[in-house]
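Only one structure is covered here, and it is reproduced in the block below.
Whatever order the structure lists ligands and atoms in, that order sets their numbers, starting from 1. Quantities reported herein were computed from a predicted structural model and do not represent experimental measurements. When a residue number appears, it is its place in the shown sequence, counting from 1.
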Amino acid sequence: MAYIEIKNAGKTFVQGGKEFTALEEVNLTINKGEFICLLGPSGCGKSTLLNAMAGFAPVNYGSIQIAGEEVSDPSVKHVTIFQNYGLLPWRTVQKNVEFGLEAKRLSKAERKETAEKYIELVGLSEFSRSYPRQLSGGMQQRVAIARALAVDPEIVFMDEPFGALDAITRMKLQDDILELCRREEKTIIFVTHDIEEAVYLADRVVVMTPNPGKVKSVVEVPLHHYRDRTSGDFLYVRDKIFELFNLKADTYIEYNI
Ligand SMILES: Nc1ncnc2c1ncn2[C@@H]1O[C@H](COP(=O)(O)OP(=O)(O)OP(=O)(O)O)[C@@H](O)[C@H]1O
Ligand SMILES: [Mg+2]
């Protein structure tokens with residue numbers, strides 16, 4: 001049985017008195033340890049699907065199961081990283097990373113030690129006593145990543161976590177997240193609207209299209225773990241995925257690169 005199993009999942013919202021279909025008949029299975037990118041233009045339902053998987057706003061049709069259980073609420077075994085970092089401004093870096101650990105049965109010393117380890121992993125040891133407002137956006141996002149990974153989650157949900165960052169910081173953080181996730185063997189569900197980011201990060205890319213939000217294709221990225229954005233193979237895969245968005249058929253397309 002797959003680790004995450006999404007069957008005929010659908011979600012509607014009421015907008016201006018009318019029913020609006022944000023997600024229609026999504027079918028997807030995800031294995032433990034996979035890095036999955038949900039890719040598509042604004043409004044195609046990426047966040048809706050992610051929030052449903054993370055248990056914040058369950059679907060109203062079909063089902064989403066994780067490890068054999070229907071998702072209905074957020075689980076302490078999973079964490080979510082949002083675009084706006086979600087740090088507590090009145091806490092230092094160290095105390096922000098300790099925050100998630102407060103729900104765990106750890107001694108104060110264990111909490112401190114675990115937080116220090118993850119702050120070091122994201123390269124911010126020097127800033128552990130700083131407050132979020134004293135850090136750049138990229139550094140704040142690193143704190144959010146440290147805080148998320150410190151609780152040793154089984155799944156990390158990320159909703160456009162690098163969307164607000166400049167291109168160079170973004171590339172650095174993409175490498176950091178790949179490195180950390182390989183080391184710790186996490187299952188990652190990562191939302192992006194950037195094709196290159198998806199091809200750089202994912203084992204499989206879930207290509208979504210809007211009106212109504214649907215999965216158009218699931219593409220396995222046939223590249224080595226360590227990817228080179230300038231290589232011919234990389235650009236080939238990127239172009240193939242780009243082509244998918246221009247194909248007219250509104251049904252699921254089998255697509256092997
Ligand atoms: N709480 C809500 N109430 C009403 N409509 C909603 C709600 N949340 C999302 N929608 C609608 O569902 C559609 C999908 O929204 P969603 O936020 O999932 O898109 P997205 O792919 O994440 O877009 P973006 O890239 O802009 O973040 C949109 O048309 C949006 O207006
Ligand atoms: Mg979104």
Side-chain angles (χ1 to χ4, degrees), residues 4 6-28 30 35-64 66 71-74 78-87 137 140-141 144-145 148 155-167 169-170 173-174 177 187-202 204-219 238 241-247 249-253 255:
I4 304 178
I6 304 176
K7 280 193 192 148
N8 296 321
K11 177 96 183 171
T12 55
F13 292 108
V14 176
Q15 284 185 355
K18 277 198 216 151
E19 195 168 81
F20 172 82
T21 305
L23 276 183
E24 193 172 81
E25 288 204 27
V26 173
N27 288 289
L28 183 66
I30 295 169
F35 199 127
I36 298 289
C37 279
L38 305 180
L39 172 73
S42 188
C44 70
K46 304 180 294 296
S47 297
T48 303
L49 182 56
L50 185 101
N51 289 333
M53 292 164 86
F56 295 119
V59 288
N60 40 18
Y61 297 98
S63 95
I64 299 184
I66 298 182
V71 174
S72 56
D73 296 299
H78 314 145
V79 295
T80 305
I81 301 178
F82 297 99
Q83 188 169 359
N84 59 4
Y85 323 128
L87 301 178
Q140 291 186 52
Q141 195 56 291
I145 292 168
I155 306 177
V156 184
F157 294 103
M158 303 177 98
D159 195 349
E160 305 216 29
F162 309 146
L165 305 174
D166 67 86
T169 308
R170 192 178 178 141
L173 281 184
Q174 287 168 354
I177 197 81
T187 303
I188 313 283
I189 315 294
F190 187 108
V191 164
T192 182
H193 56 250
D194 181 336
I195 299 179
E196 189 173 302
E197 181 165 69
V199 176
Y200 192 69
L201 295 174
R204 285 190 298 149
V205 179
V206 176
V207 176
M208 298 179 68
T209 48
N211 303 314
K214 277 191 168 189
V215 172
K216 179 144 191 166
S217 194
V218 180
V219 181
R238 188 197 64 184
I241 292 182
F242 182 70
E243 274 172 22
L244 265 176
F245 287 102
N246 295 324
L247 295 178
D250 66 353
T251 50
Y252 185 82
I253 299 170
Y255 206 70

Kindly assign one of parallel, tilted or perpendicular to the pair Phe190 and Phe35, based on the angle between their ring planes and the thresholds 30° and 60°. tilted
Min side-chain heavy-atom separation Val215-Asn27 under 4.5 Å: no
What donor-acceptor contacts under 3.5 angstrom involve side-chain atoms of residues 43-57, with partners at least two apart or in another chain?
residue	atom	partner	partner atom	Å
Lys46	NZ	Gly40	O	2.9
Lys46	NZ	Pro41	O	3.1
Ser47	OG	Asp159	OD1	3.4
Ser47	OG	Asp159	OD2	2.7
Asn51	ND2	Ser47	O	3.2

Contacts for ligand 1, heavy atom under 4.0 Å, by chain and number, are Phe13, Gln15, Phe20, Ala22, Pro41, Ser42, Gly43, Cys44, Gly45, Lys46, Ser47, Thr48, Glu160
Does any N, O or S atom of Ser42, backbone or side chain, fall under 2.8 Å from the Mg ion (ligand 2)? no
Mind checking whether Ile30 and Val206 have side chains closer than 4.5 Å, heavy atoms only? no
Measure the shortest side-chain to side-chain distance between Thr169 and Gln141 over non-hydrogen atoms and say whether it is less than 4.5 angstrom. no
Is the number of heavy atoms from other residues, nucleotides or ligands within 6.0 Å of CZ (Phe20) greater than 12? yes
